[in-house]
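Structure first, commentary second.
We count residues from 1, following the sequence as given.
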Amino acid sequence: MTRRGRLWGLLALTAVLLSGCGIRSTEVPTDFGAAPTRVGCSLSGANGVEARAAGEFGVQVFLVCTSQLVTVDRTVTVPRDRTSDRVGVAQELLAQLARPLTAKEKQAGYTTDVGSGTKVSGPRDGDPADALRLNTPPDDLSPYALAQIVCTFANSKVTTDGEDHVALGGPGDDPLRAYECSDAVKARPGTAPAPAQTVG
């Protein structure tokens, strides 16, 4: 074989080897170890309270992730004769907002501003039937905590009696306000206050 022929043969072989060792793109960041697992903030699909076996119900609560409100699926146990009890469901939802985060939720970057001491009860004398009262005036809560509570309650048709707002107040004579979970609140809960109108 001539020198030119050997040269062309070597070039052809090199091209074949390179084509077989190409690097293809991947959606997972890679290193020389195992591919890291990343759980992103994502919205869940279902709304409200869904029946499950043995008195367990799937609910959604709003946690904070990347400075936004994001729904997270949780499971609560509610006696079947109380599934239409608005105050009882609100108490369960609030307890879910205040409970410690799971390891998976922490890894994904979720946080909650709702403290374990925050409680909710039904209307006092003279309040509308759909009113809910916290043991802390809503104005005293952090913007994130108030947004979490408002959007979690508004997302539950049982809690709001099918309305798109939440009649919420604090203890005693604290005025009731109808709070709305707007898109702006979900996107910027720390800076966009929940729209509210005084009730009554």
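Nearest heavy atom pair, residue Ala147 against residue Leu69, reads O-CD1, 3.6 Å. Closest heavy-atom contact between Pro189 and Gln68: CD-CA, 4.0 Å. Across all their heavy atoms, Cys65 and Ala108 have their closest contact at SG-O, 3.6 Å. Nearest heavy-atom pair, Pro143 versus Gly190, reported as atom, atom and distance to 0.1 Å: CB-O, 3.9 Å. When all heavy atoms are compared, the tightest approach of Thr152 to Phe62 is OG1-N, 3.0 Å.
The backbone N or O of Pro123 lies less than 3.5 Å from no partner atom in the side chain of Asp127, so there is not a single donor-acceptor pair. Judged purely by atom type and a 3.5 angstrom limit, Thr118 uses its side chain to pair as donor or acceptor with the backbone of Gly115. Listed for the Asn135 side chain is a donor-acceptor partner under 3.5 Å among the backbone atoms of Gly117.
Of the charged side-chain nitrogens involved, at least one lies within less than 4.0 Å of a carboxylate oxygen, so that Arg124 and Asp173 count as a salt-bridged pair. Under a 4.0 Å N-O distance rule, the pair Asp139/Arg177 qualifies as a salt bridge. A salt bridge links Glu105 with Arg74: at least one charged nitrogen is closer than 4.0 Å to a carboxylate oxygen.
Under the 3.5 Å distance criterion, with hydrogens and angles disregarded, a donor-acceptor pair is assigned to the side chains of Thr112 and Gln148.
Shown are Leu168, Leu176, Asp130; of these, the side-chain contact (heavy atoms from CB on, under 4.5 Å) with Val199 is made only by Leu176.
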CA sep, side-chain torsions, deciding dist, call: Leu97, Ile149, side chain to side chain contact (heavy atoms under 4.5 Å, CB included): CA-CA 8 Å; Leu97 287 174; Ile149 293 171; 4.0 Å; yes
Residue pair Tyr110, Val64: steps toward the side chain to side chain contact (heavy atoms under 4.5 Å, CB included) verdict: CA-CA 6 Å; Tyr110 291 102; Val64 181; over 6 Å; no
Working for side chain to side chain contact (heavy atoms under 4.5 Å, CB included), residues Val59 and Leu93: CA-CA 8 Å; Val59 299; Leu93 291 173; 3.9 Å; yes
Test log, rule side chain to side chain contact (heavy atoms under 4.5 Å, CB included), inputs Gln107 and Thr102: CA-CA 9 Å; Gln107 181 183 3; Thr102 65; over 6 Å; no
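Side-chain contact between Val114 and Leu141: absent, with no pair of heavy atoms (C-beta onward) separated by less than 4.5 Å. Counting heavy atoms from C-beta outward, Leu132 and Val87 have side chains that approach closer than 4.5 Å. The side-chain heavy atoms of Lys186 and Val70, taken from C-beta on, include no pair separated by under 4.5 Å.
Annotation: side chain to side chain contact (heavy atoms under 4.5 Å, CB included) contacts of Ser121 (sequence neighbours excluded): Arg133.
Listed by first and then second residue, the disulfide (SG to SG under 2.5 Å) pairs involving residues 88-155 are Cys151-Cys181 (not counting sequence neighbours).
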